[in-house]
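Have a look at the structure below before the remarks.
Worth saying up front: this structure is predicted, and the values here are computed from it rather than measured.
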Amino acid sequence: MATKIDKEACREAYNLVRDDATAVNWVTFKYDGSTIVPGDQGVDYETFTRKCTDDVRLFGFVRFTTGDAMSKRVKFALITWIGESVSGLQRAKTGTDKTLVKEVVQNFAKEFVISDHKELDEDYIKNELKKAGGANYDAQTE
């Protein structure tokens, strides 16, 4: 059966994360049968990472504040999580299903496909977003 997406409900969840007036920093999009629907939402990144268990596949839209001493910027990441125990067929479908999610989630700095909890590390994600952000005025020695 072909996967569908509840665009209206997912767009509402997406807009919550994008809205500076809300405290919501992340939202998940999960499977309800063969339909992608909004899942959980929250303010703490660690809570988001706990949703990424070995037996699920989900999409996360997450807000991060990055930047340096000269400027702080809000950056968004689209995270595709595929747990270690997810079947091969479901893994394969997740790639094509992501195109449905991208019809709703259109503005993000970087996209991640992750199945290892180490790659969900907040500092790793922020560093990757910082690299994608262009100008960097930190007094770094890279």
Side-chain angles (χ1 to χ4, degrees), residues 1-138 140 142:
M1 179 178 253
T3 304
K4 299 183 303 266
I5 187 167
D6 183 341
K7 277 190 183 179
E8 187 137 335
C10 288
R11 190 168 286 115
E12 282 179 31
Y14 165 72
N15 285 332
L16 274 178
V17 176
R18 290 195 46 83
D19 187 349
D20 291 335
T22 72
V24 175
N25 284 333
W26 60 267
V27 63
T28 62
F29 303 101
K30 64 179 186 170
Y31 290 86
D32 181 10
S34 63
T35 304
I36 298 172
V37 298
D40 299 304
Q41 61 189 40
V43 297
D44 181 37
Y45 182 73
E46 189 177 312
T47 305
F48 165 73
T49 63
R50 287 196 296 267
K51 303 295 176 191
C52 299
T53 58
D54 284 342
D55 60 336
V56 300
R57 55 191 176 130
L58 58 79
F59 305 93
F61 182 64
V62 187
R63 168 202 293 258
F64 292 96
T65 302
T66 65
D68 47 48
M70 301 294 280
S71 71
K72 296 286 184 201
R73 296 178 286 287
V74 171
K75 296 286 183 186
F76 299 97
L78 175 61
I79 299 173
T80 302
W81 169 260
I82 305 171
E84 296 285 334
S85 303
V86 172
S87 76
L89 181 60
Q90 285 185 326
R91 283 176 179 274
K93 277 187 57 74
T94 304
T96 49
D97 293 347
K98 182 171 39 177
T99 59
L100 296 171
V101 174
K102 285 181 168 182
E103 289 176 13
V104 174
V105 178
Q106 296 182 339
N107 297 306
F108 50 89
K110 189 157 173 85
E111 178 181 339
F112 300 85
V113 179
I114 300 175
S115 56
D116 183 345
H117 279 278
K118 289 181 225 139
E119 292 180 37
L120 281 173
D121 178 71
E122 186 171 8
D123 290 335
Y124 168 75
I125 301 282
K126 281 185 171 181
N127 192 40
E128 290 297 308
L129 289 171
K130 196 172 188 178
K131 286 181 198 173
N136 182 0
Y137 301 105
D138 274 346
Q140 297 176 302
E142 282 190 21

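Qualifying side-chain contact (heavy atoms from CB on, under 4.5 Å) partners for Ala9, counting only residues two or more places apart in sequence or in other chains: Asp6, Pro38. Residues passing the salt bridge (Lys or Arg N to Asp or Glu O under 4.0 Å) test with Lys4, sequence neighbours excluded: none. For Arg50, the salt bridge (Lys or Arg N to Asp or Glu O under 4.0 Å) partners at least two apart in sequence or on another chain are Glu46. Remark: Asp19 pairs with no residue by the salt bridge (Lys or Arg N to Asp or Glu O under 4.0 Å) rule, at least two apart or across chains.
Arg63 has a carboxylate O that lies under 4.0 Å from a charged side-chain N of Asp20, or vice versa, which qualifies the two as a salt bridge. With respect to the salt-bridge test (charged N to carboxylate O, under 4.0 angstrom), the residues Lys131 and Glu128 qualify.
A ring-ring contact (aromatic ring centres under 6.0 Å, His included) check over residues 12-42, counting only residues at least two apart or in different chains, returns the pairs Tyr14-Phe61, Trp26-Phe48.
Lys30 NZ: 12 or fewer foreign heavy atoms inside a 6.0 Å radius. Counting non-hydrogen atoms of other residues, nucleotides and ligands closer than 6.0 Å to NZ of Lys98 gives a total above 12.
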Worked check of side chain to side chain contact (heavy atoms under 4.5 Å, CB included) between Phe59 and Thr94: CA-CA 9 Å; Phe59 305 93; Thr94 304; 3.8 Å; yes
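We find the CZ-CD1 distance between Phe64 and Ile125 to be 5.5 Å, quoted to the nearest 0.5 Å. In this structure, CD on Gln41 lies 5.5 Å from CG on Leu16, to the nearest 0.5 angstrom.
Counting heavy atoms from C-beta on, the side chains of Glu103 and Leu100 come closer than 4.5 Å. The closest side-chain heavy-atom distance from Ile36 to Val101 is below 4.5 Å. Taking the side chain as every heavy atom from C-beta outward, Leu120 and Tyr45 approach each other to under 4.5 Å.
Looking only at distances, a side-chain donor or acceptor of His117 sits under 3.5 Å from a matching main-chain atom of Cys52. When atom types are taken as modelled, the side chain of Asn127 and the backbone of Asp123 share no donor-acceptor pair closer than 3.5 angstrom.
Looking at every heavy atom in both residues, Val113 comes nearest to Glu119 through O-OE1, 4.2 Å.
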Distance-only donor-acceptor hits, side chain of residues 77-89, under 3.5 Å, sequence neighbours excluded:
residue : atom : partner : partner atom : Å
Trp81   : NE1  : Thr53   : O            : 2.8
Trp81   : NE1  : Val56   : O            : 3.4
Ser87   : OG   : Gln90   : N            : 3.2

